[in-house]
Protein chains: 2
Amino acid sequence: MKRITIRDVSERAGVSTAAVSYVLNGREGKVSPDTILRVRRAAEELNYIPDFSARSLANNKSKLIGVVIPQTEEHKQLLLQNPFYSELICGIEARLRQSGYHMILSGVEKGEGYLDTSMQRNLDGAIIMGIYQESFYEDLKKARMPIVLIDSYVYDSHFHVVGIDDELGGYLATKHFIDNGHTNIALVTGMIRKDGVVEKRFLGYKRALKEAGLFYHPDHVFEHSVTYEFGQEAAKLIVAKYPEITAVFATSDLMAMGVMQGLRDEGKVVPQDVSVIGFDDITIARMCTPPLTTIMQDTINRGITAADRLLSAIHNPDGGLPQEPTIMPLTLVNRDTVRKLS
Amino acid sequence: MKRITIRDVSERAGVSTAAVSYVLNGREGKVSPDTILRVRRAAEELNYIPDFSARSLANNKSKLIGVVIPQTEEHKQLLLQNPFYSELICGIEARLRQSGYHMILSGVEKGEGYLDTSMQRNLDGAIIMGIYQESFYEDLKKARMPIVLIDSYVYDSHFHVVGIDDELGGYLATKHFIDNGHTNIALVTGMIRKDGVVEKRFLGYKRALKEAGLFYHPDHVFEHSVTYEFGQEAAKLIVAKYPEITAVFATSDLMAMGVMQGLRDEGKVVPQDVSVIGFDDITIARMCTPPLTTIMQDTINRGITAADRLLSAIHNPDGGLPQEPTIMPLTLVNRDTVRKLS
DNA sequence: TTGTACGCGTTATCAC
DNA sequence: GTGATAACGCGTACAA
């Protein structure tokens, strides 16, 4: 059983392949109603399924979107372990599929670029999460397709950005501690890299401190990797060496959960002994014990928004360069991990 | 700046396109060493990137693998929220990319098939997770590509299967409770569907009961959806109506965590009041409080194995029909959620 | 080693 | 206004 081609359909309908192509692509202005009907029927009867490779070859449209997420350095596996990325993917995939697109999900090897993939596959667009080195973005600019950046402050006119106000998030969390009487507030965070989201959250943290007339204490910043394990370690360090700390702001929920576990391991009770605030509001944040106070961003919705913005850029190629970034809202969700100091 | 084609390379190298194709595809037996060198240089200098669409058109190989995971019914979003699927994806993606393949990740609309996608995209193979209705698999068989099923007992000679011994898993969990003196053991589970993994776990549960001379009590089976929320509900129901129950076997960690939360909501302490065992050993199982006793499967590795099996089927098209299923190992990880009744 | 037909759908051009 | 013909996109592989 060989493939049904457009030629088979045209023969069965007794018309040209051009007519078939027109009908099936909705350019019906150029075709008589009678022809339309016959083509439709023939395609139906033969169960015709077009070959996207051929289509892509003919008009450089693949209906394929590249989605890139960060990966672990050691195992080169996607950072999908962090529910934050899973949720973004959920939103993105749903919207793309709904619009007739498919998603190629992958990581990118350190030092490698994404231009090759984009050209090989004739990608119609891409959504890039995380932060990479300068050269990666330079490379990307050469790709002639719209690109949406998530979690990046590379405000280059070539890229669309769907972000949040990370600085505000950092500020809100810290402020909340301060409003509850805390003055020794630790920051547990992944690497603070230039133009990264974490840097902004860090700046918000410092702004809140300053505003309250509190000292910024570099020793109270614990900076390493965005993992549960590091959160745990940091907590142990805090208990052992910095007993003055009564509150911990973790720049991701994953780390916050590690912090809580680490505190527990050391016999501390949250929030009686130490208060904790996270960032992201991943699904399990409300599931853990006690439920985590955190900075909520509607992650799935952010994925949908990113996909929407990409799709509209694809459909309006003359829309010019990307306008200003889309900034998604942010709020503090007050659950049970912050204690009011009296 | 237009695309560099194989013709550009052939001109620069002063050879035919055929020669270029041969060299770049490693069929070097047919080409002189001198030509090889010149082609290599020309390709390098022009920074030639082949078009996979053209390649796919010419030889029906796309280097594209379809990966399907279940989705929520309401929002049609991927079930990636369940870390179990995230971990599988991590393993699959890593191995595929490493072998020069890309992954199209998607869900499938209820009632829709996957044959269309597979033909449109000229997929080289597919990995299907979850369980679907009969017609879905019938449809899939028409796709002339190797297919690996994960989490399915559709033992059809058309499909490769990478599974675990779910019945044993159910048995081990239940047996562990019994060995610790429990006799009223609830089962909290997703829908028990024919040929689904859950059915097997259910059978293992019953076998352990029977072996111990305990009654199987249909009222102690709580069957609904594989969600945290349902676990929570089930726990509340148990506390309210079935005080005799001292142990809960949840057929996924996600539900087990819901159960623990539900118990806590009702003022019960795990494991002092009620013991809990989960299934999967997702990453957060060891992170929660108390750390969850569960049936461990090495999920990432299972993803890698599935990808491996698919790739080798693709590379050995004459390997005949799939042999017997690959069964991955399984063990009970004893953490802190089971109490020994005296 | 090379020339070239082929895979399949699109679209510009031309004919009625 | 309708519809058909054919060139094109790019890489592959067979015949010569």
Side-chain angles (χ1 to χ4, degrees), chain A residues 1-40 42-43 46-64 100 116 118-124 144, chain B residues 1-40 42-43 46-64 100 116 119-122 124 144:
Chain A
M1 137 176 153
K2 59 183 292 300
R3 180 168 203 120
I4 306 292
T5 73
I6 199 170
R7 236 159 297 269
D8 299 319
V9 177
S10 71
E11 280 170 22
R12 179 160 192 127
V15 298
S16 72
T17 63
V20 175
S21 177
Y22 287 138
V23 171
L24 267 33
N25 289 306
R27 299 207 205 311
E28 301 184 348
K30 339 190 70 176
V31 187
S32 75
D34 177 53
T35 307
I36 293 180
L37 222 71
R38 296 167 60 183
V39 169
R40 286 256 162 72
L46 293 174
N47 189 24
Y48 168 65
I49 298 170
D51 184 322
F52 278 37
S53 301
R55 206 175 254 180
S56 159
L57 197 56
N59 64 8
N60 276 314
K61 284 176 178 27
S62 60
K63 294 273 180 185
L64 226 38
D116 286 16
S118 112
M119 297 199 60
Q120 282 172 181
R121 299 292 184 188
N122 276 306
L123 298 183
D124 289 348
R144 296 182 309 288
Chain B
M1 140 176 148
K2 59 183 293 300
R3 182 171 201 119
I4 306 293
T5 73
I6 199 171
R7 235 159 298 269
D8 299 318
V9 178
S10 71
E11 278 170 23
R12 178 162 193 125
V15 298
S16 72
T17 62
V20 176
S21 177
Y22 288 138
V23 171
L24 265 34
N25 289 306
R27 299 209 207 310
E28 303 185 347
K30 337 189 74 177
V31 187
S32 77
D34 177 52
T35 307
I36 294 180
L37 221 72
R38 298 167 58 179
V39 169
R40 285 257 161 72
L46 294 173
N47 189 22
Y48 167 66
I49 299 171
D51 183 323
F52 279 36
S53 301
R55 206 175 255 180
S56 160
L57 196 56
N59 65 7
N60 277 314
K61 284 176 177 30
S62 60
K63 293 276 182 180
L64 226 37
D116 286 16
M119 296 197 61
Q120 282 173 181
R121 300 290 184 188
N122 276 305
D124 289 347
R144 296 181 310 288

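All chains are named by letter (A, B, ...) in the order of the sequence lines, taking the proteins before the strands, and each is independently numbered beginning at 1.
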* Structure fact -> With the side chain defined as heavy atoms from C-beta on, A:V15 is closest, among D:dG9, D:dA4, D:dG3, to D:dA4
Show the distances under 3.5 angstrom between N or O atoms of the protein and N or O atoms of nucleotides 9-11 of chain C.
from, atom 1, to, atom 2, distance (Å)
C:dG9, OP1, A:Y48, OH, 2.8
C:dG9, OP1, A:D51, N, 3.3
C:dG9, OP2, A:I6, N, 2.5
C:dG9, O5', A:Y48, OH, 3.2
C:dG9, N7, A:R7, NH2, 3.4
C:dT10, OP1, A:N25, ND2, 3.4
C:dT10, OP1, A:R55, NE, 2.8
C:dT10, OP2, A:S21, OG, 2.9
C:dT10, OP2, A:N25, ND2, 3.4
C:dT11, OP2, A:R27, NH2, 3.0

* Would you kindly give the CG-to-P distance between B:D34 and C:dT2, to the nearest whole Å? => 11 Å
* Could you tell me which non-hydrogen atom of B:I49 sits nearest to which non-hydrogen atom of B:R3, and how far apart they are? => O-NH2, 3.4 Å
* To do: Whole angstrom is fine here: how far is it from CD1 in A:I36 over to P in D:dG3?
  => 9 Å
* Below 4.0 angstrom, N of the basic side chain to O of the carboxylate: do A:R38 and A:D34 qualify? -> yes
* Structure fact -> In whole angstroms, the gap separating C1' of D:dG3 from CZ of A:R38 amounts to 11 Å
* **Whole-Å distance separating the CE atom of B:M119 from the C1' atom of C:dG7** => 14 Å
* Structure fact -> Minimal heavy-atom distance between A:A42 and A:R12, with the atoms involved, is CB-CG, 3.9 Å
* **d(CG, A:N60; C1', D:dC10) in whole Å** => 11 Å
* Closest contact, heavy atoms only, B:T5 versus B:D8 -> N-OD2, 2.7 Å
* Structure fact -> For A:I4 and A:V9, the nearest pair of non-hydrogen atoms, with its separation, is CG2-CG2, 4.4 Å
* Structure fact -> Residue set satisfying salt bridge (Lys or Arg N to Asp or Glu O under 4.0 Å) with A:R55, at least two apart, ordered chain then number -> none
* **Rounded interatomic separation in angstrom, taking CG from B:N122 and P from D:dT12** => 14 Å
